[in-house]
Amino acid sequence: ADSHVLMEIGRSAAGDNMLRGKLEKSLADTRLKQATGHQIQWLDEKIVIENATIHQHILAAEGLQYELDQMQTVEDKVAAYDKIFMSLEDAKLQIRDDITKNLQKGDAGDEGLTATLQLVRNMVEATVLNRKRERDLLLIDQLICKLQAAAASGDKQQQARKAAKPEDVVKMFETLLNATEELAAIPGVKDNEAMSKLCAARSLLFKAWRILYLAQRSEERRVGKECR
């Protein structure tokens with residue numbers, strides 16, 4: 001809650017770089033305090049994260065998710081997602097380093113610690129894929145709107161110049177399908193009946209959307225030829 005208050009103040013102080021810098025430092029300190037020995041829930045597992053740096057990166061991503069919910073434009077949201085991915089990537093790098101250090105100890109290493117870190121890594125990877133799905137759905141909506149606007153204008157030159165192409169939408173659906181398959185294969189997710197069913201349902205939904213979109217494009221081309 002304290003971190004959310006600080007973020008709200010930070011947005012109000014956007015024009016004052018010095019004040020914003022102090023608030024960002026206070027926010028980082030608050031997250032570090034929250035991060036120490038914190039327990040998190042993921043699916044059916046309760047995980048204690050002993051490394052405060054790892055949990056701080058996870059908290060930073062959660063804080064950015066809160067900010068993202070307040071944003072209006074697609075561009076601002078995509079930029080926020082990029083920051084979320086950076087925070088989660090930092091968490092994964094720290095997890096990898098901790099696992100490596102623990103394994104290098106050989107018989108003196110803590111098997112329980114390695115198992116916990118692997119579980120945290122799975123959770124972070126699942127979060128990355130879920131956030132990417134949200135971002136990609138936003139981008140698909142944006143692409144379709146651009147294509148519809150270009151088609152409605154009737155300007156052939158504009159349509160020829162447009163950055164968005166129907167093939168881009170199809171590729172995005174393929175990306176969604178691939179990411180859903182990756183999520184379903186993550187240990188912990190694939191062993192969870194509810195999550196497995198959810199991933200399977202999403203795959204069917206994305207395949208249906210892709211088929212519907214291709215059918216609509218085919219019909220539009222057919223009607224366009226008949227009108228010539």
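Everything numeric in this text was worked out from a predicted model, so none of it was measured. Below, each value reflects all heavy atoms present in this structure, side chains not excepted, and no hydrogens, waters or symmetry copies. Residue indices begin at 1 and follow the sequence shown.
Side-chain contact between H55 and I40 is present, with at least one heavy-atom pair separated by less than 4.5 Å. V120 has its side chain out of reach of N51: every pair of non-hydrogen atoms, C-beta onward, lies at least 4.5 Å apart. At a threshold of 4.5 Å between non-hydrogen side-chain atoms, the residues N130 and R133 count as touching. When side chains are defined from C-beta on, E182 does not count as touching I186, because their heavy atoms never get closer than 4.5 Å. When side chains are defined from C-beta on, L137 counts as touching W209, because their heavy atoms get closer than 4.5 Å.
Legend: side-chain hydrogen bond (donor to acceptor under 3.5 Å, both in side chains) pairs involving residues 116-128, not counting sequence neighbours, sorted by first then second residue: K92-E125. For residues 38-49, the set of pairs meeting the salt bridge (charged side-chain N to carboxylate O under 4.0 Å, His left out) definition, not counting sequence neighbours, is empty.
Rounded to the nearest 0.5 angstrom, M71 CE and L64 CG are separated by 7.5 Å. Taking CG of L143 as the reference point, atom CG of D168 lies at 6.0 Å (rounded to 0.5 Å). To the nearest 0.5 Å, atoms CG (L88) and CZ (R131) are separated by 8.5 Å. For the atom pair CD of E75 and CG of L138, the computed distance is 10.0 Å after rounding to the nearest 0.5 Å. Here the straight-line distance linking atom CZ of R135 with atom CG of D82 works out to 7.0 Å at 0.5 Å rounding. For the atom pair L183 CG and L198 CG, the distance stands at 8.0 Å (nearest 0.5 Å).
In terms of heavy-atom proximity, A80 sits nearest to L68 at CB-CD1, 3.8 Å. Closest approach of A126 to V189, counting heavy atoms only: CB-CG2, 4.5 Å. Taking both residues in full, the closest heavy atoms of W42 and P187 are given as CH2-O, 3.7 Å, listed atom of the first, atom of the second, then distance. Between K190 and S196, the shortest heavy-atom distance links the atoms O-OG, 3.2 Å.
Under a 3.5 Å cut-off, the side chain of Q65 and the backbone N or O of E67 do not form any donor-acceptor pair. A donor-acceptor pair is defined here as one N or O able to donate and one able to accept, closer than 3.5 Å; no such pair exists between the side chain of N192 and the backbone of G188. Of the possible polar contacts, none joining the T180 side chain to the C199 backbone as a donor-acceptor pair under 3.5 Å is found.
Linking Ile, Leu, Val, Met, Phe, Trp and Tyr whenever their side-chain heavy atoms come within less than 4.5 Å leaves I54 and L93 in two separate clusters. Each of L204 and I140 belongs to its own hydrophobic cluster when Ile, Leu, Val, Met, Phe, Trp and Tyr are linked at side-chain heavy-atom distances under 4.5 angstrom. Linking Ile, Leu, Val, Met, Phe, Trp and Tyr residues whenever their side-chain heavy atoms come within less than 4.5 Å leaves M86 and I84 in two separate clusters. Hydrophobic clustering of Ile, Leu, Val, Met, Phe, Trp and Tyr side chains at less than 4.5 Å, counting indirect connections, unites V169 with V74. When the side chains of ILVMFWY residues are joined at heavy-atom separations under 4.5 Å, either directly or via intervening members, V170 and I144 end up in a single hydrophobic cluster.
Remark: K197 pairs with E193 by the side-chain hydrogen bond (donor to acceptor under 3.5 Å, both in side chains) rule, at least two apart or across chains.
By the neighbour-count criterion of 12 heavy atoms within 6.0 Å, atom CD of E111 is sparsely surrounded, having that number or fewer from other residues, nucleotides or ligands.
Using a 30° and 60° split on the angle between ring planes, F85 and Y81 fall in the parallel class, below 30°.
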Next on the checklist: The test is side-chain hydrogen bond (donor to acceptor under 3.5 Å, both in side chains); show your working for D98 and Q94 and say whether it passes.
Outcome noted: CA-CA 6 Å; D98 283 6; Q94 185 64 55; 3.0 Å; yes
